[in-house]
There are 2 protein chains.
Amino acid sequence: MGASRDDKSRNPRQSESGAVSIRDVAKRAGVSIASVSRALNSGSGSVSKATQEKVAAAAQALNYRPNQAGRALRSQSTNTFALINSNIQNNFYAAIAWELERLLSAEKSALLVYTSNEDAETQDRCIEDIRSRQVSGVFFLCAVDSPGLTTLTKNDPVVFINRRLQSCPEISFVGIDDEAAARAQMRSGARRDLRNIAIIHGPESSDTSARRLRGMLDAARDAGANIAPNAIKEARLSMESGYDCAGPLLDDKNLDAIFCGNDQIAYGVYRRCLERGIAVPDQLRIYGFDDNPMNEWLAPWLNTVRVPHVELARTAVEQMQTLTGNGAAREILLPYELIQRA
Amino acid sequence: MGASRDDKSRNPRQSESGAVSIRDVAKRAGVSIASVSRALNSGSGSVSKATQEKVAAAAQALNYRPNQAGRALRSQSTNTFALINSNIQNNFYAAIAWELERLLSAEKSALLVYTSNEDAETQDRCIEDIRSRQVSGVFFLCAVDSPGLTTLTKNDPVVFINRRLQSCPEISFVGIDDEAAARAQMRSGARRDLRNIAIIHGPESSDTSARRLRGMLDAARDAGANIAPNAIKEARLSMESGYDCAGPLLDDKNLDAIFCGNDQIAYGVYRRCLERGIAVPDQLRIYGFDDNPMNEWLAPWLNTVRVPHVELARTAVEQMQTLTGNGAAREILLPYELIQRA
DNA sequence: AATCATATTGGAAACGTTTACAATTGCGAG
DNA sequence: CTCGCAATTGTAAACGTTTCCAATATGATT
């Protein structure tokens, strides 16, 4: 039976598609495909040492690699995870993505990377695609609210990194206590006697940005800092937006410091200062948030809050493993660190 | 037959696995799975308008997404590409990755991202994984020589971006004329009368770095520039390595400029200058290569060569499409631009 | 009204795995 | 020598698609 099937559907040497399948290995090793599968996965049911060796030799000789599509179809598990990133150009996010990839590849898993650009519609397109690819889990690096998210979180393990969504309180989250960190940073500024300050915060629609703003305002009030009525501005989380917002603020010659919702915004502020001939940090201090790994090299003028991106990624992967093992969703806050460079 | 099969293997409402399959759609629409497939793909063989609508409605109602594993298994084509990046933390590379993702997602394809860290063994592990995932094509962003590469290039469409390999002359390449660009940059430095110069080039094992070095030396000789015997150093393509190499060079107080193999190296040099109290660009000019998109914001002191990363990605995707359509491998050089900031 | 061409449809096979189940083997004990 | 048990192996079904082929419905032409 099996033989006749083989005879008519297989070429003598190898499959016509060019790819070598488990069948080819079985034939060469002189065993059944079931044995090949068992030998290679050494999972359910054991094989004799002789078979094990024959199969290994045949697989080696044919340069066989199991077809993941077949495996995924049968076992309902692609070893594939997805990352939806808001903006891979932000080096801080890229560093997290890189760490995720590193950790996952150590577990024989691969990472599909998507970019949402903080846009709900784009994010939903990514989610659509992900849902059809039967991924094992999805990481969000700065998620935004979008209709498709509900369906996804219902069916797949999801971990939010760095930003959670109020609309998804039951979803795992790994980040820092943004409000406390912002408060601590503002207090540290107050201790340096930076009295006249401005704030350029991220979109209030972002939970993270909102918390950071709350913390800043809270601590500023406590410290009795001076914030002019129009010295609190909302920006998008980009350099351009920081640049735009900084313009009017810099007219105030008494300004001591600008506190920014993240480092990208701070970069924009910096450039505006350069153009205006304002010396940083001598005339004006700039505070950011995240601590982009490049700061150490390129932004010695930047004070910021270090979000531990390596640990963030590690913890996110651990939590993902918990979820795929049917563990409970958790909210995990990691320690942050104030970085005062100038 | 079909009915009895359905009766015993399907729940009345939906598949027990939670995922809705083409069968569920077919049942709800009251047509065969073949018709559903045809209606949704509108490919081989047409369907009547009535069926089309019934299927669309059912798919919509059940929130159906075709299972890519099944599709891939049958049609031997995952709409998935892989990118092996040498170092995603380099913003210049991240920008290319981002652009690739953007272009591919517009074609309903996804991108698996790997990081090789310029390490042959790591790259081979990535290639192993890729080979088992039946990807439609592989992009390399700065490939290194490795044993697995030969097998891969034999079986899958491959496009090299930014760096080619002498060992793979038949593989498509998209980049710039590095030697000419380096020559032009060095000449532009000579015209500014930067006579005493040093060079920190990338690894000579990298074709790109070697070409850049050749161009620099060539133009420096023509211009009669002064290069002290120990003022040509080989670095890895990292900020740390640039920092290390810069140390000894900066002892020469007459130095006018340092030309670096890429921007990362230049960042390391910059930091060393800061620490030594050397004013950039007043006392020393720094030249890099690539033009990291963040330079505009953070490195106004950096002269560099802009490699058109958006066009690079676009051209790479186009060439990949050519390859998958059985077109010929090509070597494509795009125009570069000298950026003189300081 | 009967016939034929054409447009649609459904049945079934195939893609490459994993795994439940049955069959076979080897081997020691009765 | 036979029996039974454990270890190993093979057979076949199933995962969700796409697509070939045959069957049916539709509509036009005689």
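All values below come from the heavy atoms of this structure, side chains included, with hydrogens, waters and symmetry mates left out. Every chain is numbered from 1 and lettered A, B, ... according to where its sequence line falls, protein lines coming before strand lines.
Here the P atom of nucleotide D:dT9 and the CD1 atom of A:I33 are 15 Å apart, to the nearest Å. The distance between atom CD of B:Q134 and atom P of D:dT17, rounded to the nearest whole Å, is 18 Å. Following rounding to the nearest Å, A:L62 (CG) and C:dG16 (C1') show an atom-to-atom distance of 15 Å. To the nearest angstrom, P of C:dT18 lies 11 Å from CG of A:N79. Atoms CZ (A:R23) and C1' (D:dA12) sit 11 Å apart, rounded to a whole Å.
Partner of A:V159 under the side-chain contact (heavy atoms from CB on, under 4.5 Å) criterion, chosen from A:L323, A:I332, A:V317: A:L323.
With hydrogens and angles left out, the side chain of B:R65 and the base of D:dG16 share no donor-acceptor pair within 3.5 Å.
In terms of phosphate contacts, A:S32 brings no side-chain nitrogen or oxygen within less than 4.0 Å of OP1 or OP2 of D:dT11. Contact check, B:S37 against D:dT18: a side-chain N or O comes under 4.0 Å of OP1 or OP2. Checking the phosphate oxygens (OP1, OP2) of C:dA14, no side-chain nitrogen or oxygen of B:Q76 falls inside 4.0 Å. The phosphate of D:dC15 has neither OP1 nor OP2 within less than 4.0 Å of any side-chain N or O from B:N67.
For A:N41, counting side-chain heavy atoms from C-beta on, the closest listed nucleotide (C:dG10, C:dT18, D:dT18) is C:dT18. Here D:dT17 is the nucleotide among D:dT17, C:dT18, D:dC20 with the atom lying nearest to any side-chain atom of B:R74. Considering only side-chain atoms of A:S75, the nucleotide from C:dT17, C:dT18, D:dT17 that sits closest is C:dT18.
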So which protein N/O to nucleotides 6-8 of chain C N/O distances come out below 3.5 Å?
unit_1: C:dT8; atom_1: OP2; unit_2: B:S46; atom_2: OG; d: 3.3

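In this structure, the side chain of A:D124 engages the main chain of A:G148 through a donor-acceptor pair within 3.5 Å.
Every residue two or more places apart in sequence or in another chain was checked for a ring pair (Phe, Tyr, Trp, His ring centres under 6.0 Å) with A:Y93, and none qualifies. Residues passing the side chain to side chain contact (heavy atoms under 4.5 Å, CB included) test with A:L73 are B:A69, B:L73, sequence neighbours excluded.
The aromatic rings of B:F160 and B:F140 lie perpendicular to each other, with more than 60° between the two planes, well past the 30° mark.
Residue order along DNA chain C, read from the 5' end via each residue's closest nucleotide, puts B:G70 first among B:G70 and A:R71.
Applying the salt bridge (Lys or Arg N to Asp or Glu O under 4.0 Å) test to residues at least two apart or on different chains, the pairs with a partner in residues 61-76 of chain B are A:E128-B:R65.
Taking the C1' atoms of five terminal pairs at each end of the helix from C:dA1-D:dT30 to C:dG30-D:dC1, the two resulting helix axes are inclined by 70°, rounded to 10°.
Note on A:A34: a base of the nucleic acid sits closer than 4.0 angstrom, heavy atoms only.
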Donor-acceptor contacts, no H, no angles, side chain residues 47-60 of chain B, under 3.5 Å, sequence neighbours left out:
unit_1: B:S48; atom_1: OG; unit_2: B:T51; atom_2: N; d: 3.2
unit_1: B:S48; atom_1: OG; unit_2: B:T51; atom_2: OG1; d: 2.8

